[in-house]
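Remarks on the structure that follows.
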Number of protein chains: 2
Amino acid sequence: MPRVAVSTDLVVLTVREQCLSALMWRRDLPPYAGCWSLPGGFIQLDEDLPAAASRLMAERAGLADVRIHLEQLQTYGYPDRDPRQRVVSVAYLGLAPDLPASTRAQVLWTAVDELVGSDPAAFDHRRILLDGVERARAKLEYTSLAAAFCPAEFTVAELRRVYEIVWGTPLDPRNFHRKVTGADRFLVPTGRTTTRDGGRPAQLYIRGDAEQLRPPMLRQRPC
Amino acid sequence: MPRVAVSTDLVVLTVREQCLSALMWRRDLPPYAGCWSLPGGFIQLDEDLPAAASRLMAERAGLADVRIHLEQLQTYGYPDRDPRQRVVSVAYLGLAPDLPASTRAQVLWTAVDELVGSDPAAFDHRRILLDGVERARAKLEYTSLAAAFCPAEFTVAELRRVYEIVWGTPLDPRNFHRKVTGADRFLVPTGRTTTRDGGRPAQLYIRGDAEQLRPPMLRQRPC
DNA sequence: TCAAAAGTGTTTTAGCTACACCCATGA
DNA sequence: TCATGGGTGTAGCTAAAACACTTTTGA
């Protein structure tokens, strides 16, 4: 039977400087020299897919040994997506707090709006990025994944800012507070407080062990 | 870079005889002779992944040219999942009305509970099947996909039976009726009626063009 | 003392649950 | 006429939206 190359591409998202941002790799060699692409690489023969994703997260993205949510996104495999040869790519979605990534100049956090707006992308990486962003937006509704964008300890307002930036819509602080603090096992209070956001001191929380958020937090949709 | 074989396995589900059933393939050759497996096969070098899934749906499952919902499920690729060689498998999930499948004796609709209960499965196909079933169960909550299990024209009660069988929980017929007929573009009345379920004649509907169901129909969860 | 943000209380409204009730058919 | 399932009305509850209000800090 035919054998093909299998690669893994990473859509690594974070919230920084008021923008949903993705980790991009600037290509200096053909094909697509000068375009941005997603960090990725080929899998090894004796390597599981999640292991390959973790390895590339360290090697290519510079995010080794960091607590990052990683999940399989989708697999892309139409025949001419790579001009050199047939490559089937298993994309992974990573959600990270705002961390310094690789020290290489080639690897940069960039606002998603900027990436999809104008810059030319290599291969089908614009589509993969958009699929990853849509998956992240959807999962904030019915899971507790928003906390994956926050540091280990965070306030309710910081969590709310994640929702607002990822969805691009303002949320009522009062109702949001009630919703997330009332949800079972979403947030665990540490007892400590902080005034880093200004104003009255806010409770600090860490992530609870809930994965689902029921009932979900529905975003407003365009009618 | 290393090249590996890429296959597609199909989780094709339907509702028949009061059971959620899957299309299974009984293996008569090693490896795993005598076990059930999912219908599948290797992709061709010039073939897109959805095209491979459609082709195998026709060749292996006997469901050619039928209106079947097909979506990518997940990709499975740990190194020793096939004892012969490294195979990365892109699984697809198909939701079909109760149709006669392949005429081959090797291919059978079988109740999911029966399959996962006791019969030994080939490769990691039990896991793939369970992932497909869970995806289907989850998607009934927030999409209009339940209609993919129904014939072209169906009644509200038939749609409700799909939910009840897939979820394994009874639903209130009155509230269900209000919910689905009130949802925007989920159902389109044909004007015709039927008495095939007994009792008072029921409206026949066809699928509307809505994909999302908002607000979702939440199933009761174990606390 | 004031601005700013955290957090609580309250009113209104939407949607779900539970169940009483009527309707239209076949047997 | 009666059993069967289709379909409607309605009361009660839960949760969300909208917004007034109090609390606690830094400047």
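Each chain gets a letter, A, B and so on, in the order its sequence line appears, and its residues count up from 1. All figures in this text were calculated on a predicted structure; none of them were measured in a lab.
The distance from atom CZ of A:Arg161 to atom P of C:dA4 is 14 Å, rounded to the nearest whole Å. B:Glu158 has its CD atom 11 Å from the P atom of D:dG7, to the nearest Å. The CD-C1' distance, from B:Gln203 to C:dT25, rounds to 15 Å in whole Å. To the nearest angstrom, C1' of C:dC16 lies 13 Å from CG of B:Leu171. When the C1' atom of D:dA15 is taken as reference, atom CZ of A:Arg214 falls 15 Å away, rounded to whole Å. Summarising the geometry, the separation between CZ on A:Arg219 and P on D:dA16 is reported as 17 Å, rounded to the nearest angstrom. Rounded to a whole Å, the CZ atom of A:Arg160 is 11 Å from the P atom of C:dG7. Counting to the nearest Å, the C1' atom of D:dG6 and the CZ atom of B:Arg192 are 18 Å from each other.
Checking side-chain atoms of B:Trp109 against main-chain N and O of B:Leu99 turns up a donor-acceptor pair under 3.5 Å. Judged by distance alone, with hydrogens and angles left aside, the side-chain atoms of A:Ser89 form no donor-acceptor pair with the main-chain N or O of A:Tyr76 at under 3.5 Å.
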Let me see the working for B:Leu213 and B:Ser144 under side-chain contact (heavy atoms from CB on, under 4.5 Å), right down to the final yes or no.
CA-CA 6 Å; B:Leu213 183 60; B:Ser144 58; 5.6 Å; no

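Along DNA chain C, the nucleotide nearest A:Val156 and the nucleotide nearest B:Thr193 are compared for position; the residue whose nucleotide lies closer to the 5' end is A:Val156. Taking the nucleotide of DNA chain D with the nearest heavy atom to each of B:Pro173 and A:Leu218, the more 5' of the two is matched to B:Pro173.
The shortest distance between the side-chain N/O atoms of A:His177 and the OP1/OP2 oxygens of C:dA6 is not below 4.0 Å. Proximity of A:Arg196 to the phosphate of C:dA5: no side-chain N or O atom is located under 4.0 Å from OP1 or OP2. For the pair B:Lys179 and C:dC16, the criterion of a side-chain N or O lying under 4.0 Å from OP1 or OP2 is met.
The stretch residues 174-218 of chain A participates, sequence neighbours left out, in these ring pair (Phe, Tyr, Trp, His ring centres under 6.0 Å) pairs: A:Tyr163-A:Phe176.
For A:Asp209, the salt bridge (charged side-chain N to carboxylate O under 4.0 Å, His left out) test picks out A:Arg185, with sequence neighbours left out.
In this structure, B:Arg127 pairs ionically with B:Asp131, as a charged nitrogen and a carboxylate oxygen lie closer than 4.0 Å.
Other residues, nucleotides and ligands contribute at most 12 non-hydrogen atoms within 6.0 Å of the CD atom of B:Glu211.
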Summarise protein proximity over nucleotides 19-27 of chain D in one line of letters, 5' to 3': B for base, S for sugar-phosphate only, - for none, counting protein heavy atoms closer than 4.0 Å.
BBB-BBB--

